[in-house]
Amino acid sequence: MPPVTSALRECHRLRTHLRNLQAEIDAGPRVLAENKEELDTQRAEHQAHYDTITRLKLKQREDEGTLKQTDERLAKLRDQLEALVAPKERAAKELEITHAEEKKANLEDTILATITELEEKHAAVPAVEAKWKAARDEFKQFETDAAERLQRMTEDTAASRTDLTAAEAHLPRDVKALYDQIVKAKGPEAFAGAKNRVCQGCRSTMTETQFMDLRDGTFRTCVNCGRMQYPVE
Ligand SMILES: [Zn+2]
């Protein structure tokens with residue numbers, strides 16, 4: 001390919017590549033924030049497990065205290081019943097005892113359920129710890145990878161800029177002036193390949209003569225979209 005159109009094709013490739021690199025570099029902080037957010041979610045989940053254990057232990061202790069009081073009250077009520085003779089008074093005391101017994105049975109069920117739940121929570125601790133460690137490891141790996149990726153992209157950007165300058169050096173001075181104007185306005189969209197006379201930027205068709213000129217290395221812009229063209233085989 002003649003130097004001018006060849007240089008335009010290379011400039012197109014490099015400017016597109018540089019724009020994509022910059023977009024990925026710019027997205028870095030957002031991707032990092034997303035990963036941090038996920039880590040925070042995992043941290044909260046991990047903490048919540050131990051908070052639940054603390055809460056259940058407290059509940060168990062409180063319920064056991066209430067159970068002890070209920071037992072003491074039952075003993076007292078039974079003593080009181082012993083002393084009563086009148087049927088009406090005895091019936092009232094028996095009802096009180098029945099209620100206290102129900103309360104006791106309910107408390108015992110609740111305590112048993114709490115103990116069972118606590119056992120499950122304790123049994124799950126290794127899995128909870130493993131999950132939390134995996135989350136931290138994953139984040140650490142992400143940070144390492146991101147730093148490497150950024151380093152690579154920064155180097156690639158510098159190299160591509162050098163290559164771009166070299167490619168642009170092939171453009172004659174009059175072409176370069178126009179090139180600068182169009183690039184300033186359109187960025188990487190300043191270029192378009194032309195395949196079988198069709199502009200790849202806007203799909204318009206050029207004449208056979210125009211396409212011949214283009215293949216001969218004549219600098220031209222698309223009459224329809226204004227992009228600088230180069231032939232594509
Ligand atoms: Zn066009």
Side-chain angles (χ1 to χ4, degrees), residues 7-68 106-168 183-193 200-201 227 232:
L8 287 177
R9 186 182 57 182
E10 186 65 356
C11 292
H12 190 192
R13 183 184 74 76
L14 288 164
R15 285 190 176 271
T16 304
H17 184 55
L18 280 163
R19 179 189 55 187
N20 294 343
L21 279 173
Q22 195 55 52
E24 208 179 329
I25 290 169
D26 291 346
R30 180 179 50 75
V31 176
L32 176 65
E34 280 168 9
N35 276 268
K36 266 188 181 150
E37 212 171 284
E38 174 57 22
L39 183 69
D40 287 343
T41 304
Q42 295 290 329
R43 181 183 288 116
E45 213 173 276
H46 174 259
Q47 184 58 46
H49 190 81
Y50 291 98
D51 290 347
T52 302
I53 288 176
T54 305
R55 182 178 55 75
L56 288 171
K57 276 181 179 167
L58 189 68
K59 180 170 166 49
Q60 185 189 350
R61 209 175 307 142
E62 280 172 1
D63 286 345
E64 279 170 351
T66 313
L67 181 64
K68 192 164 170 270
N106 281 339
L107 276 166
E108 284 169 344
D109 286 352
T110 304
I111 290 164
L112 193 62
T114 304
I115 288 169
T116 306
E117 204 181 340
L118 263 172
E119 280 170 359
E120 284 166 7
K121 292 290 174 195
H122 278 303
V125 161
V128 167
E129 285 302 327
K131 196 180 175 203
W132 174 225
K133 186 182 183 300
R136 278 175 297 156
D137 288 349
E138 198 181 310
F139 182 72
K140 212 171 157 194
Q141 188 62 52
F142 166 80
E143 280 188 314
T144 307
D145 291 348
E148 280 173 13
R149 204 161 49 240
L150 181 62
Q151 171 75 18
R152 214 162 50 229
M153 289 190 296
T154 305
E155 285 166 10
D156 193 353
T157 298
S160 296
R161 282 197 183 128
T162 304
D163 290 350
L164 182 63
T165 304
E168 285 172 350
V183 160
K184 198 179 173 194
K186 294 176 183 281
E189 301 306 317
F191 313 87
Q200 302 297 295
R227 288 180 173 91
V232 177

I would like to know whether Glu129 and His46 meet side chain to side chain contact (heavy atoms under 4.5 Å, CB included); could you show each step before the answer? CA-CA 7 Å; Glu129 285 302 327; His46 174 259; 2.7 Å; yes

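For the residue pair Asp51 / Gln47, a side-chain donor-acceptor distance below 3.5 Å is found, with atom types taken as modelled.
To the nearest 0.5 Å, the span separating CG on Leu32 from CG on Leu39 amounts to 10.5 Å. From His49, atom NE2 reaches atom NE2 of His122 across 8.0 Å, with rounding to the nearest 0.5 Å. To the nearest 0.5 Å, atom CG of residue Leu21 and atom CG of residue Asp156 are 4.5 Å apart.
Salt-bridge check for Glu34 with Arg30: passed, with a basic side-chain N closer than 4.0 Å to an acidic carboxylate O. Salt bridge Arg15/Glu168: present, at least one basic N to carboxylate O contact under 4.0 Å. Between Arg19 and Glu189 there is a salt bridge, with a side-chain nitrogen of the basic residue lying less than 4.0 Å from a carboxylate oxygen of the acidic one.
Looking only at side-chain heavy atoms (C-beta outward), Lys59 and Thr110 come within less than 4.5 Å of each other. Between Asp26 and Gln22 the shortest side-chain heavy-atom distance falls below 4.5 Å. With contacts defined as side-chain heavy-atom distances shorter than 4.5 Å, the pair Glu138/Glu38 does not qualify.
For Lys36, there are no salt bridge (Lys or Arg N to Asp or Glu O under 4.0 Å) partners at least two apart in sequence or on another chain.
The backbone N or O of Gly201 lies less than 3.5 Å from a partner atom in the side chain of Arg227, making a donor-acceptor pair.
The two residues Val125 and Tyr50 have their closest heavy-atom pair at CG1-OH, 3.5 Å.
By the 6.0 Å contact criterion, NZ on Lys131 is open, its count of non-hydrogen atoms from other residues, nucleotides or ligands being 12 or less.
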Check residues 139-154 and write down every donor-acceptor pair under 3.5 Å in which the side-chain atom is one partner and the other belongs to a residue at least two apart or another chain.
residue: Gln141; atom: NE2; partner: Asp145; partner atom: OD1; Å: 3.0
residue: Thr144; atom: OG1; partner: Lys140; partner atom: O; Å: 2.9
residue: Gln151; atom: NE2; partner: Glu155; partner atom: OE2; Å: 2.6
residue: Thr154; atom: OG1; partner: Leu150; partner atom: O; Å: 2.6

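Annotation: side-chain hydrogen bond (donor to acceptor under 3.5 Å, both in side chains) contacts involving residues 111-120, sequence neighbours excluded, are absent.
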